[in-house]
Amino acid sequence: MRNDNDSTDLPGQPAAGGLPTTKPSRLTMIMEIFGVSRSITIAALLFAILTLAGAVFLFVQSAPPGTITITSGPENSIFNANAIRYASILARYGVTLKVLTSEGSLENLNRLCDPSFRVDVGFVQGGMTNAAADKLVSLGSISHQPLLVFYRGAPVELLSGLAGKRIAVGPEGSGTRSLALSLLEINGIKPGGTNTILDWEPKQASKALINGTVDAVFLMGEDASLAVIIELMRAPDVHLLNFRQATAYTRRFSYLGVIEFPQGVLDLGHNIPPQDLYLVGPTVELIAREDLHPALSDLLLGAAREVHGNANLLQRKGEFPAPLEHDIPISADAARFYKSGKGFFYRYLPFWLASLTSRIVVVFVPTIVVLIPVLRSIPSCYRWRIRSRIYRWYRALLSLERELFGETDPGKREQLLRRLDEIEKAVNQMKVPAFFADQFYSLRGHIGFVRLMVGDTRQRPKVEKS
């Protein structure tokens with residue numbers, strides 16, 4: 001008999017005339033327990049090892065990075081100040097947030113779109129994106145971004161009243177400059193015309209306005225500090241433009257909203273501003289690359305809720321962050337956060353332990369769920385295959401036995417007996433594992449039993465060794 005163990009003398013089998021002399025190997029024990037051949041056992045072990053190795057690789061690769069980078073805004077701007085606050089919050093959870101200064105929203109967006117630039121998230125004002133990137137996602141809007149137009153001299157009621165004047169619109173790469181030029185253009189004021197358009201930094205522009213060397217400046221929180229804005233609000237002969245056509249601007253630019261600036265909100269004692277004002281402006285979005293780790297997305301939104309969630313001069317408590325979508329879609333992780341908050345493990349466990357536990361659940365639980373049924377099915381499939389081979393010869397033997405009992409013609413009977421010889425020869429050459437030895441030897445015994453019952457007195461064929 002040939003055996004699928006691919007070995008003539010199996011470990012643990014008796015030596016000639018004695019008891020077993022060697023201890024069976026672990027592989028042989030596995031084969032005997034599960035009733036499969038050596039090749040099937042080795043294949044199953046390799047499959048299990050490769051699957052677990054892949055799971056370990058995914059487990060390691062799925063760990064959130066310990067350091068990420070945010071592109072913010074100019075130094076001392078509100079954008080930069082908020083990014084620094086984010087960094088201090090993330091540090092509580094063992095995550096380092098590197099803060100890069102920039103010229104503003106446009107440069108932030110360009111950095112995020114450039115795969116060679118190492119940045120993960122950034123502040124971008126609405127209206128800057130213009131469906132710019134299909135590999136970016138929004139984590140939502142985090143605050144209002146009012147456009148503040150300061151001018152000096154006689155009252156100006158409309159932006160068109162700035163025609164022919166010297167106007168500072170903000171530095172290159174800033175969202176302030178982009179929005180200012182768009183609003184001025186729709187009012188018939190373009191660079192190269194009768195106006196002088198200056199790309200000055202907020203500090204330089206504000207000092208020039210106070211000194212009278214420019215007539216108007218456009219400021220937003222992305223490039224101006226609160227101190228600069230308050231200084232201009234208190235400066236003599238400097239006024240903040242009231243957007244009387246605010247609603248009309250929001251109809252022309254869908255990303256703009258009307259922002260109410262109540263009388264006395266900056267300084268009640270000195271009544272600054274001296275009247276209710278209406279401003280226009282977009283919201284600020286937290287834009288990230290699409291491969292941002294879900295755990296870090298939750299951390300950033302948690303930081304945004306802590307930094308921007310309280311009431312201030314321009315918003316109500318709990319108004320931000322909010323899933324306000326413009327050109328760039330809200331990420332699936334952010335949508336889940338707005339709907340149900342942090343993930344289950346991150347609510348009750350420290351960040352590192354929650355990350356570890358969630359990755360185990362995501363990686364290893366599905367691996368085990370798939371691996372165990374597959375491995376359990378291998379012995380069943382293999383046994384079915386071996387049994388089907390044995391049963392095939394049983395069917396042939398039963399059919400032949402019925403024919404022999406009913407056959408009286410000596411010539412046909414001789415042909416049937418030769419078929420019996422062929423069956424016996426084929427069975428002797430079968431390869432079966434030791435687990436099926438009982439069925440194999442039963443089949444051989446039944447072949448001999450059929451010979452006896454039909455009265456076969458011929459010389460038995462020799463068993464060929466292989």
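Worth knowing before you read on, the calculation uses all heavy atoms, side chains too, and leaves out hydrogens, waters and symmetry mates.
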Inset, instruction - Write down the atom of Y86, the atom of L97, and the distance for their closest heavy-atom approach. - result: CB-CD2, 3.6 Å
Inset, instruction - Identify which one of P146, P282, S105 satisfies the side-chain contact (heavy atoms from CB on, under 4.5 Å) criterion when paired with M220. - result: P282
Legend entry - Side-chain donor or acceptor of T213 paired with backbone N/O of A208 under 3.5 Å: yes
Inset, instruction - Mind telling me whether Y151 and H239 have parallel, tilted or perpendicular rings, with 30° and 60° as the class edges? - result: tilted
Inset, instruction - Take F345 and L353, measure what side chain to side chain contact (heavy atoms under 4.5 Å, CB included) needs, and give me the verdict at the end. - result: CA-CA 8 Å; F345 296 116; L353 183 57; over 6 Å; no
Inset, instruction - Report the distance from atom CD of E260 to atom CG of L277, rounding to the nearest 0.5 Å. - result: 9.5 Å
Inset, instruction - Examine distances only and state if a side-chain atom of Q125 and a backbone atom of G175 form a donor-acceptor pair shorter than 3.5 Å. - result: yes
Legend entry - Crowding at CD, E75 (>12 non-hydrogen neighbours, <6.0 Å): no
Inset, instruction - Can you see which heavy atom on A216 is nearest to which on L162, and at what distance? - result: CB-CD2, 4.0 Å
Legend entry - Straight-line distance of K203 NZ to N76 CG, nearest 0.5 Å: 5.0 Å
Inset, instruction - Taking the side chain as every heavy atom from C-beta outward, state whether D298 and Y93 have any atom pair closer than 4.5 Å. - result: no
Legend entry - 4.5 Å side-chain heavy-atom contact, E172 and E103: no
Legend entry - Close side-chain approach of I186 and F253, heavy atoms under 4.5 Å: yes
Inset, instruction - Output yes when a side-chain donor or acceptor of R305 lies under 3.5 Å from a complementary backbone atom of P321, and no otherwise. - result: no
Legend entry - Side-chain donor or acceptor of R152 paired with backbone N/O of I210 under 3.5 Å: yes
Legend entry - Nearest-0.5 Å distance that lies between atom CD1 in I330 and atom CD in E285: 6.5 Å
Inset, instruction - Would you kindly say whether Q315 and H308 are connected by a side-chain donor-acceptor distance under 3.5 Å? - result: no
Legend entry - Check: T247 main-chain N/O paired with T250 side-chain donor or acceptor under 3.5 Å: yes
Legend entry - Any Y249 side-chain heavy atom under 4.5 Å of L159 side chain: yes
Legend entry - Pair R166 + D215: basic N to acidic O under 4.0 Å: yes
Inset, instruction - Only counting residues at least two apart or in another chain, list the ones meeting salt bridge (Lys or Arg N to Asp or Glu O under 4.0 Å) with D276. - result: none
Inset, instruction - Would you give the length of the straight line joining atom CZ of F218 to atom CG of L147, rounded to the nearest 0.5 angstrom? - result: 6.0 Å
Legend entry - Donor on one side chain, acceptor on other, T101 and N80, under 3.5 Å: no
Legend entry - Greater than 12 external heavy atoms within 6.0 Å of Y338's OH: yes
Legend entry - R118 vs T69, side chain to side chain contact (heavy atoms under 4.5 Å, CB included): CA-CA, chis, key distance, verdict: CA-CA 7 Å; R118 301 191 64 178; T69 303; 5.7 Å; no
Inset, instruction - Check whether any side-chain N or O of N211 sits under 3.5 Å from a backbone N or O of K207 as a donor-acceptor pair, and report yes or no. - result: yes
Legend entry - Smallest separation among heavy atoms of S72 and F79, with atom names: O-CD2, 3.5 Å
Legend entry - F117 side, atom CZ; T71 side, atom OG1 - distance, nearest 0.5 Å: 6.5 Å
Inset, instruction - Would you indicate whether the side-chain heavy atoms of V362 and L58 approach each other to under 4.5 Å? - result: no
Legend entry - Side chain proximity check, R359 to P64, heavy atoms < 4.5 angstrom: yes
Legend entry - More than 12 heavy atoms from other groups under 6.0 Å of CZ on R347: yes
Inset, instruction - Please name the pair of heavy atoms, one in W200 and one in A168, separated by the smallest distance, quoted to 0.1 Å. - result: CB-CB, 4.5 Å
Legend entry - Member of V119, D120, V121 meeting the side-chain contact (heavy atoms from CB on, under 4.5 Å) criterion with R289: V119
Legend entry - All ring pair (Phe, Tyr, Trp, His ring centres under 6.0 Å) counterparts of F344, not counting sequence neighbours: Y348
Inset, instruction - Using atom types as modelled and distance alone, determine if a side-chain donor or acceptor of N195 lies under 3.5 Å from a backbone N or O of K165. - result: yes
Legend entry - Residues, nucleotides or ligands: over 12 heavy atoms within 6.0 Å of E157 CD: no
Inset, instruction - Of all the heavy-atom pairs spanning C113 and L136, show the shortest one and how long it is. - result: SG-CD1, 3.8 Å
Inset, instruction - For residues D333 and L292, report the shortest heavy-atom separation together with the two atoms involved. - result: OD2-O, 4.4 Å
Legend entry - Close side-chain approach of E290 to S331, heavy-atom, < 4.5 Å: no
Inset, instruction - Could you tell me how the ring of F351 sits relative to the ring of Y346: parallel (under 30°), tilted (30 to 60°) or perpendicular (over 60°)? - result: tilted
Legend entry - Residue pair H144, L279: steps toward the side chain to side chain contact (heavy atoms under 4.5 Å, CB included) verdict: CA-CA 11 Å; H144 291 298; L279 309 177; over 6 Å; no
Inset, instruction - Using modelled atom types only, decide if a donor and an acceptor are shared between the side chain of S102 and the backbone of G104 within a distance under 3.5 Å. - result: yes
Inset, instruction - May I have the step-by-step check of side chain to side chain contact (heavy atoms under 4.5 Å, CB included) for S297 and L139, ending in yes or no? - result: CA-CA 8 Å; S297 174; L139 303 186; 3.7 Å; yes
Inset, instruction - Enter the distance from T51:OG1 to I368:CD1 here, rounded to the nearest 0.5 Å. - result: 11.5 Å
Legend entry - Heavy-atom side-chain contact between S178 and L106 under 4.5 Å: no
